[in-house]
2 protein chains.
Amino acid sequence: MEKASRMTKQRKLILDVLRSTKSHPTADWIYNQVRGEMPNISLGTVYRNLGVLKEKGEILELNYGSSFSRYDCNPENHYHLTCTKCERVFDLKIPIQKQLVKEVMDIDGHKVLDHRLEFYGICKECKKQEVN
Amino acid sequence: MEKASRMTKQRKLILDVLRSTKSHPTADWIYNQVRGEMPNISLGTVYRNLGVLKEKGEILELNYGSSFSRYDCNPENHYHLTCTKCERVFDLKIPIQKQLVKEVMDIDGHKVLDHRLEFYGICKECKKQEVN
DNA sequence: ATATTTGCAAAATTTTTGCTGGTCA
DNA sequence: TGACCAGCAAAAATTTTGCAAATAT
């Protein structure tokens with residue numbers, strides 16, 4: 001059975017901060033935000049709580065294409081585009097591609113439990129500023 | 001214009017080691033393999049060369065779903081399945097999903113230059129050993 | 001009451017970098 | 001010959017962990 005867990009002030013604050021932004025922040029960014037409200041919180045606590053929240057399925061850890069993780073308050077699988085110009089990560093509206101899972105099972109014979117799809121390119125906003 | 005680059009003994013050996021395996025090894029694994037042949041090579045050199053080879057488009061760096069990178073001697077985009085049981089990474093045969101790129105451009109309005117698709121699950125071999 | 005969590009600091013892990021001398025083309 | 005590269009070792013960057021005190025339920 002699942003381990004008990006408490007909703008401490010720290011954990012709640014971390015979750016609130018993550019839910020209050022549309023960006024996909026790093027642990028360090030979250031740490032700095034949270035410190036505004038709770039100056040003595042430690043970075044270790046932030047990491048531990050992000051880990052717990054991830055285990056409970058309340059958030060996602062994104063560690064794609066860089067040496068550090070970003071976190072996402074939306075635990076449902078969805079896809080992202082990382083802008084190579086401004087480095088921001090955007091949620092995409094395109095639907096989950098369920099047929100891919102079937103395809104991998106049929107063609108490659110593995111049992112698929114999960115998948116991640118990440119795009120890289122120039123975001124809508126940076127595109128406007130591009131000279132042709 | 002592009003920077004010149006030399007095929008040093010070290011760089012060649014690193015590339016050969018990477019090309020000789022179907023696994024998707026870490027820098028440290030490559031380092032240890034290469035040391036068998038060239039005991040004085042340094043880990044820094046391995047990292048530097050993997051970086052150069054990646055820049056030249058000869059290999060891929062895979063940094064998805066873990067805290068460290070793996071490397072792939074096949075520089076063409078292709079998809080992987082990471083087995084959550086044996087931790088191995090498998091190349092998949094399913095074709096590149098070009099329509100996804102168009103979908104992201106049409107639905108989300110970003111300019112897509114590249115994409116990565118990673119699957120997680122139980123590989124063909126581990127599946128056999130599973131009890132039902 | 002007590003299992004869980006915190007803050008702190010130290011350590012672990014993975015990767016990068018400065019420097020000086022060596023080497024490929 | 002001269003830009004590029006190697007080895008070494010130290011540092012950087014990110015994340016994890018041990019411990020004693022505090023806290024949520």
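In what follows, chains are A, B, ... by sequence order, proteins preceding strands, each numbered from 1.
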Whole Å only: how far is the [atom1] atom of [X] from the [atom2] atom of [N]?
X     : N      : atom1 : atom2 : answer
B/Y47 : C/dG18 : OH    : C1'   : 18 Å
B/E55 : D/dC5  : CD    : P     : 13 Å
A/R70 : D/dT14 : CZ    : C1'   : 14 Å
B/Y64 : C/dT14 : OH    : P     : 19 Å
B/Y31 : C/dT13 : OH    : P     : 16 Å
B/L43 : D/dG7  : CG    : C1'   : 12 Å
B/L50 : D/dC5  : CG    : P     : 14 Å
A/N63 : D/dT15 : CG    : P     : 9 Å

Given that A/G44 and A/N49 both sit by DNA chain C, which one's nearest nucleotide is further toward the 5' end? A/N49

Please figure out whether A/T8 or B/M7 has its closest DNA chain C nucleotide nearer the 5' end. A/T8

Which comes earlier along DNA chain D counting from the 5' end, the contact point of A/K9 or that of A/S67, where each point is its nearest nucleotide? A/S67

With respect to the phosphate group of C/dT15, does any side-chain polar atom (N or O) of B/S69 fall under 4.0 Å of OP1 or OP2? yes

Between the side chains of B/R116 and A/Y64, does any donor sit under 3.5 Å from an acceptor? no

Answer yes if the side chains of B/Y79 and B/H115 hold a donor-acceptor pair under 3.5 Å, and no otherwise. yes

Are any of the side-chain nitrogens in A/R70 or A/E61 under 4.0 Å away from the carboxylate oxygens of its partner? no

Do B/R19 and B/E58 sit within salt-bridge range, that is, some charged N less than 4.0 Å from a carboxylate O? yes

At 4.0 Å (heavy atoms only), tell me whether [X] reaches a base, stays on the sugar-phosphate, or touches nothing.
X     : result
A/T26 : nothing
B/R11 : sugar-phosphate
A/F68 : sugar-phosphate

Parallel, tilted or perpendicular, judged at 30° and 60°: which one describes the rings of A/H78 and A/H24? tilted

Considering only [options], which nucleotide approaches the side chain of [X] most closely?
X     : options              : value
A/A27 : C/dC8, D/dG7, D/dT15 : D/dT15
B/R6  : C/dT6, D/dC5, D/dT25 : D/dC5
B/Q10 : D/dG7, D/dT15, D/dC5 : D/dG7
B/T45 : D/dT16, C/dT5, D/dA6 : D/dA6
A/I41 : D/dT15, D/dC5, C/dG7 : C/dG7

Can the ring centres of B/F90 and A/H110 be said to be less than 6.0 Å apart? yes

With a 3.5 Å cut-off and heavy atoms only, can you find an N or O donor on one side and an acceptor on the other between the side chain of A/R48 and the base of D/dG18? yes

